[in-house]
Amino acid sequence: MSRIITGWKLPADERERLLEQFAPHYDHVVADHVTLRFGTGADTPLPGQNEAEVVGEVDDGKGVQALVIAVDNRTMRGDGSHFHITWSLGTGRAAKESNDAIAALGWEPVAPPVAIRIEPARWSP
């Protein structure tokens, strides 16, 4: 199985705009992508969407902060986890733990939702 991730990158100007709205809680700021699927190949079609909304936020209080994203008005990915942007991480924490934080704690709605541009992309971790 390939280690390519398919999803969306957050354009630099959108990242900067969101960093002004959502202060990182931890030292390591990630804030760069939304995963659609991992373990894809170079021939996996890119997603067609280029717009989304920040609809929620979660912080586990132990080093994981993430923004919950709606793509086509859906927050759930096909694998049962949520679309999200890992926003910031504390020492020893990993981006993949954002899914665990959302599953364990749920998320707080952002009102009103914040429209963002996203760029379809493939990348290796």
Side-chain angles (χ1 to χ4, degrees):
M1 180 190 301
S2 175
R3 295 210 31 147
I4 296 173
I5 298 169
T6 299
W8 301 270
K9 290 290 188 170
L10 189 62
D13 61 328
E14 289 287 56
R15 182 180 192 268
E16 293 307 314
R17 181 176 67 93
L18 290 175
L19 284 169
E20 290 176 11
Q21 284 188 268
F22 300 96
H25 297 173
Y26 304 103
D27 290 339
H28 177 61
V29 178
V30 181
D32 67 352
H33 74 273
V34 179
T35 298
L36 174 60
R37 291 187 354 198
F38 51 89
T40 61
D43 59 344
T44 299
L46 291 174
Q49 303 86 347
N50 60 12
E51 296 178 350
E53 290 182 316
V54 177
V55 296
E57 185 174 14
V58 64
D59 183 342
D60 72 356
K62 300 174 187 172
V64 175
Q65 178 191 18
L67 302 181
V68 176
I69 306 300
V71 178
D72 279 344
N73 297 312
R74 295 177 305 129
T75 60
M76 297 294 289
R77 296 190 325 206
D79 65 1
S81 61
H82 286 78
F83 291 118
H84 67 274
I85 300 171
T86 298
W87 206 241
S88 68
L89 297 169
T91 302
R93 302 304 297 269
K96 66 183 179 180
E97 294 178 82
S98 293
N99 283 318
D100 298 334
I102 295 166
L105 302 171
W107 45 277
E108 293 295 320
V110 169
V114 178
I116 59 172
R117 285 182 301 105
I118 50 178
E119 298 176 342
R122 278 185 218 92
W123 64 95
S124 296

## Note on the structure
For W8, the ring-ring contact (aromatic ring centres under 6.0 Å, His included) test, sequence neighbours excluded, returns F83
Donor-acceptor pairs are to be reported for all side-chain atoms of residues 30-39 against protein atoms at under 3.5 Å, with residues two or more places apart or in another chain.
| from | atom 1 | to | atom 2 | distance (Å) |
| --- | --- | --- | --- | --- |
| H33 | NE2 | T35 | OG1 | 3.4 |

Show me the side-chain donor-acceptor pairs of residues 43-52 shorter than 3.5 Å, one per line, residues at least two apart or across chains.
| from | atom 1 | to | atom 2 | distance (Å) |
| --- | --- | --- | --- | --- |
| T44 | OG1 | G41 | N | 3.0 |
| T44 | OG1 | G41 | O | 3.1 |
| Q49 | NE2 | D72 | OD2 | 2.9 |

### Message
With heavy-atom distances below 4.5 Å as the criterion, would you say the side chains of Y26 and T91 are in contact?
### Response
no
### Task
Say whether, by atom type as modelled, one donor and one acceptor occur between the side chain of Q65 and the main chain of H25 under 3.5 angstrom.
yes
### Query
Among the clusters formed by ILVMFWY side chains lying less than 4.5 Å apart, do V29 and F22 turn up in the same one?
yes
### Query
For the atom pair OG (S81) and CE (M76), what is the distance rounded to the nearest 0.5 Å?
7.0 Å
### Query
Heavy-atom distance under 4.5 Å between the side chains of I69 and I116, does that happen here?
yes
### Message
Hydrophobic clusters here meaning ILVMFWY residues chained together by side-chain heavy-atom distances under 4.5 Å, can you tell me if V68 and L105 are in one?
### Response
yes
### Query
Taking all non-hydrogen atoms of both residues, which atom of I118 and which atom of P11 are closest, and how far apart?
CA-CD, 4.2 Å
### Spacing of OG1 belonging to T86 relative to NZ belonging to K96, to within rounding of 0.5 Å
12.0 Å
### Query
Are side-chain heavy atoms of W107 and H82 found at a separation under 4.5 Å?
yes
### Task
For the residue pair P125 and I5, establish whether any side-chain heavy-atom pair is separated by less than 4.5 Å.
yes
### Query
Applying the 4.5 Å side-chain criterion to the ILVMFWY set and letting contacts propagate, would L18 and L89 be lumped into a single cluster?
no
### Task
Provide the closest heavy-atom pair for E57 versus V110 in the form atom of the first, atom of the second, distance.
N-CG2, 4.2 Å
### Partners passing salt bridge (Lys or Arg N to Asp or Glu O under 4.0 Å) against D60 (at least two apart in sequence or in another chain)
R93
### Task
Sequence neighbours left out, what pairs pass side-chain hydrogen bond (donor to acceptor under 3.5 Å, both in side chains) with at least one residue falling in residues 11-23?
D13-R117, E14-R17
### Message
Membership question, hydrophobic clusters at under 4.5 Å side-chain separation (ILVMFWY): are L19 and V54 in the same one?
### Response
yes
#### Entry: salt bridge (Lys or Arg N to Asp or Glu O under 4.0 Å) against R77, all qualifying residues, sequence neighbours excluded
D79
### Task
Please round to the nearest 0.5 Å and tell me the distance separating atom CD1 of I85 and atom OG of S98.
10.5 Å
